[in-house]
Q: 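Please read through the structure below; I'll follow up with questions.
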There are 2 protein chains.
Amino acid sequence: MENATSPRASDIAYDKIRQFVLSGRAEPGQQLTEEQLARISGVSRTPVREAVRRLENELLIVRSDSKRLFVADWSADDIDEMFVLRGMLEGHAASRAARNISGRQIEELGRISDLLDAAVRCSPPDVSEFLAQNRRFHEIILEAACSPRLSAMLPMLVEQPVVRRTATQYKTEELLQSAREHRELIAAFTARDSHWARAVMTSHIRRAFHVFSSTAKRHKEQRQAND
Amino acid sequence: MENATSPRASDIAYDKIRQFVLSGRAEPGQQLTEEQLARISGVSRTPVREAVRRLENELLIVRSDSKRLFVADWSADDIDEMFVLRGMLEGHAASRAARNISGRQIEELGRISDLLDAAVRCSPPDVSEFLAQNRRFHEIILEAACSPRLSAMLPMLVEQPVVRRTATQYKTEELLQSAREHRELIAAFTARDSHWARAVMTSHIRRAFHVFSSTAKRHKEQRQAND
DNA sequence: CGATAGACATTTGTATACAATACCGTCAAG
DNA sequence: CTTGACGGTATTGTATACAAATGTCTATCG
């Protein structure tokens, strides 16, 4: 089990800075100084630097030509590609998971799937609960995939702002479809069918992309209409 | 006094430690202490820690249950998967590159390809030169792919020991085939055919995998025969 | 004899001070 | 005006000292 409240100052810094960036309190492109981040997270610059390294690796923070820190700013192309890569890698993870997953893990996925259904079925749908369980679901698959490399690479493709923006825009029918896909994944795992699992997962991510990009477009149009 | 130029100490540490690990002076699974690494790289522990973070991210170094450092030890499955992921990601990079690559970059690839041919054709083939130019070739494609994410992820899949072990085992015919594939990639880029580029690249990596795994097997048999 | 608590040694984590470097406004020369 | 050199200021980089934690060994008790 993971320890959420880690005593390491560098982990505290990581969480706080990540939160700071993802919550939107920091503008994309804005400069960040180590000292400012140290103040925000309540520790000294040393652990902040370690945290920044990690965030930099996830491309949430970028370093300028020389060493100054800025909040990352993603282009439309960046986001498109994130989904493409996620499709490939999560598809691969699902494929591996289908070969390695334990009965216990499949049961766990079933329980989570029940919670997902519950979150969708109440009215209004509990999107935040849906997101939390969705994340757990994907984490278990990643774990079952038994690949340190995937575990290292996927976090940089599953940035919260995109995830959140996607799911908060789901209509109920879309959430239901998503829940159905989770069920189908479980079926593929139960059958130990790696091709099936890969295909379902790829399509799952791909659909999320289209939901995302259509709502992003709608948003943009609304912004332009307000000017 | 150590260095005429003044690159960052953390970069020096990164290079030295990486070298130390990859050169085989460090046994897989061996423990590394920060102080030892500081001695090796001639800087203090602070930059060493930053270097270690990077190497840890590339999975060249791993952290134990609690925070002690060890030289990574790859299983056969790890290596298999590295090649699978490389195939996917480099294939994707080639696909993107086919859409974005500039004329200048294609010319550059042509020049490198000439050097590759030259390295293969002399006798005995200059494997080390081949490797260097091969790396440049792939770097240019990665650059042309214009994807910070790919640029961040691929380094953790292209670990020198595997690359070196693969290429040093190439027979001349295999090197020639590799050079031919590079030419075909250039053709695909010139035609701006992203599907072609992806297919050639995927097959290129896949073939490297089989060369690698067959020679690894041969090595293992020889070792067993010696016992 | 085995288990275990506790002291000691080793290693990692953090804060701070100071050094090196990059940025930016100012001013002088062309 | 533009340009380029200069210097002050802000920011990052490094070393060191010390704190916290982890591992290990031994002595003692059951």
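We use all heavy atoms of the structure for the numbers below, so side chains are in, but hydrogens, waters and symmetry mates are not. In what follows, chains carry the letters A, B, and so on, assigned in the order in which the sequence lines appear, proteins first and then strands, with residues in each chain numbered from 1.
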Q: Please work out which of the three classes, parallel, tilted or perpendicular, describes the rings of B:His138 and B:His182, given edges at 30° and 60°.
A: perpendicular
Q: List the steps, then state whether salt bridge (Lys or Arg N to Asp or Glu O under 4.0 Å) holds for A:Glu107 with A:Arg104.
A: CA-CA 5 Å; A:Glu107 287 164 26; A:Arg104 192 168 304 276; 5.3 Å; no
Q: Under the side-chain hydrogen bond (donor to acceptor under 3.5 Å, both in side chains) criterion, do A:Arg39 and A:Gln36 qualify, and how do the steps go?
A: CA-CA 5 Å; A:Arg39 269 201 314 277; A:Gln36 169 195 7; 5.9 Å; no
Q: By a strict heavy-atom criterion of less than 4.0 Å, which residues belonging to residues 29-51 of chain A are in contact with DNA chain D?
A: A:Leu32, A:Thr33, A:Glu34, A:Arg45, A:Arg49
Q: Test salt bridge (Lys or Arg N to Asp or Glu O under 4.0 Å) on B:Asp11 and B:Arg54; report intermediate values, then the result.
A: CA-CA 10 Å; B:Asp11 293 335; B:Arg54 287 165 67 185; 3.0 Å; yes
Q: Would A:Asp15 and A:Arg8 count as a salt bridge (Lys or Arg N to Asp or Glu O under 4.0 Å) if you check the C-alpha gap in whole Å, the side-chain angles of each, and the deciding distance to 0.1 Å?
A: CA-CA 11 Å; A:Asp15 290 337; A:Arg8 301 270 181 307; over 6 Å; no
Q: Return the value, rounded to whole Å, for the distance between atom CG of B:Leu69 and atom C1' of C:dT11.
A: 10 Å
Q: Anything under 4.0 Å to a heavy atom of chain A counts; send over the first and last such nucleotide of DNA chain D, read 5' to 3'.
A: D:dT11 to D:dT22
Q: Taking C-beta and beyond as the side chain, do A:Phe20 and A:Val71 meet within less than 4.5 Å on heavy atoms?
A: no
Q: Is the phosphate of C:dT12 approached by B:Arg53 (side-chain N or O, under 4.0 Å from OP1 or OP2)?
A: no
Q: Before you tell me yes or no, could you show the steps for A:Glu56 and A:Arg53 under salt bridge (Lys or Arg N to Asp or Glu O under 4.0 Å), namely the whole-Å CA-CA distance, both residues' side-chain angles and the distance that decides it to 0.1 Å?
A: CA-CA 5 Å; A:Glu56 200 184 336; A:Arg53 279 269 185 246; 3.6 Å; yes
Q: Toward the 5' end of DNA chain C, which comes first, A:Arg68 or A:Ser10, by nearest nucleotide?
A: A:Ser10
Q: How far apart are the closest heavy atoms of B:Pro148 and B:Cys146, and which atoms are they?
A: CD-O, 4.0 Å
Q: Quick check on DNA chain C: between B:Arg63 and A:Lys67, whose nearest nucleotide comes earlier from the 5' end?
A: B:Arg63
